[in-house]
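Everything numeric in this text was worked out from a predicted model, so none of it was measured. Computed over heavy atoms, backbone and side chain alike; hydrogens, waters and symmetry mates excluded.
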Amino acid sequence: QCIYVAAECHTYITDNMTVTHNTTLARIAAKEFLGADDLGIMEVNCGTERGIAAMKDVIELATYRPPTGKARVFILDEAHSILAPGKKALLKPTEDCPSFTYYFFCSTDPDALFSGDAGKALKSRLTPWCLRSLNQEQIGILIDNAAAKYNIPLDAETRKAIVLQSDGSPREALVKLEQVIGGGTP
């Protein structure tokens with residue numbers, strides 16, 4: 001479970017991170033750390049937009065400053081679906097991009113993304129940052145903070161069930177908390 005980061009450019013990949021949820025992590029990083037706003041973030045579903053034409057659109061937009069915010073961010077979701085010509089088209093832009101442009105390659109199958117010559121070349125531009133799921137204490141603190149912030153009464157048994165069922169995933173824990181709010185059980 002790693003994020004791969006290009007040392008010289010602003011290119012990241014999230015892979016198979018079910019505990020952190022790839023696209024969610026990319027959006028959070030884009031907004032909170034890079035200063036992008038909604039107009040500066042473009043999400044591409046590479047499951048359907050996976051050829052060279054779609055990647056050329058991304059490459060062209062990457063050269064323009066964002067209309068607002070500090071950064072222009074491209075979230076390439078399901079990046080493992082990008083076809084070889086699309087990967088080739090992305091090699092130069094991911095190696096030499098404007099200072100305000102960032103790419104996030106989100107994939108549940110990095111082996112497919114890095115397959116073939118273009119995929120191997122793309123991988124050679126990236127460095128891994130490895131992440132891990134939250135432990136039970138951290139999930140408990142997250143649940144406690146969310147419950148306190150929104151004045152949600154939470155008994156110890158329900159809290160424990162949420163912590164155990166979330167399996168280290170903050171998103172899963174918050175979804176379970178929402179289920180409890182709605183009158184259900186985690």
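Between the side chain of T94 and the main chain of L90, a donor-acceptor pair closer than 3.5 Å is present. The closest donor-acceptor contact from the side chain of S81 to the backbone of R50 lies at 3.5 Å or more, if one exists at all. A side-chain donor-acceptor contact under 3.5 Å links K87 to the backbone of L113. No donor-acceptor pair closer than 3.5 Å links the side chain of S169 to the backbone N or O of S166. Side-chain N or O atoms of R72 include one that pairs as donor or acceptor with a backbone N or O of L61 at under 3.5 Å.
Side-chain contact between C106 and I75 is present, with heavy atoms from C-beta onward closer than 4.5 Å. Counting heavy atoms from C-beta on, the side chains of F74 and I41 never come closer than 4.5 Å. Residues Y150 and I181 fail the side-chain proximity criterion, which asks for heavy atoms closer than 4.5 Å. Looking at heavy atoms from C-beta onward, L83 lies out of side-chain contact with I52 at the 4.5 angstrom threshold. Residues V44 and D77 have side chains not in contact (no heavy-atom distance under 4.5 Å, counting atoms from C-beta outward). Inter-residue side-chain proximity for D38 and K31 is flagged as met; some heavy-atom pair is nearer than 4.5 Å. When side chains are defined from C-beta on, I82 does not count as touching L122, because their heavy atoms never get closer than 4.5 Å. In this structure, M55 and C46 have side chains that are in contact, with non-hydrogen atoms separated by less than 4.5 Å.
Of all heavy-atom pairs between P93 and I59, the closest is CG-CG1, 3.6 Å. Nearest approach of G40 to P66, heavy atoms of both residues: CA-CB, 4.3 Å. Pairing each heavy atom of F114 with each of K123, the nearest pair is CD2-CB, 3.3 Å.
Between E43 and R27 there is a salt bridge, since a side-chain N of the basic residue sits under 4.0 Å from a carboxylate O of the acidic one. The pair K56-E60 does not meet the salt-bridge criterion, since no charged nitrogen lies less than 4.0 angstrom from a carboxylate oxygen. Between D144 and R159 there is a salt bridge, since a side-chain N of the basic residue sits under 4.0 Å from a carboxylate O of the acidic one.
Applying the 6.0 Å contact sphere to CG of N145 captures more than 12 heavy atoms from other residues, nucleotides or ligands.
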Item to check | Pair F100-L34, side chain to side chain contact (heavy atoms under 4.5 Å, CB included): steps then yes or no | outcome: CA-CA 9 Å; F100 53 82; L34 304 177; over 6 Å; no
Checklist entry - When you look at V163 and K160, which way does the side chain to side chain contact (heavy atoms under 4.5 Å, CB included) test go after all the steps? => result CA-CA 5 Å; V163 168; K160 183 178 179 180; 5.7 Å; no
Next on the checklist: I'd like to know whether L76 forms a side chain to side chain contact (heavy atoms under 4.5 Å, CB included) with F104, so could you lay out the CA-CA distance, the side-chain angles of the two residues, the decisive distance to 0.1 Å, and finally the verdict.
Outcome noted: CA-CA 6 Å; L76 304 175; F104 286 85; over 6 Å; no
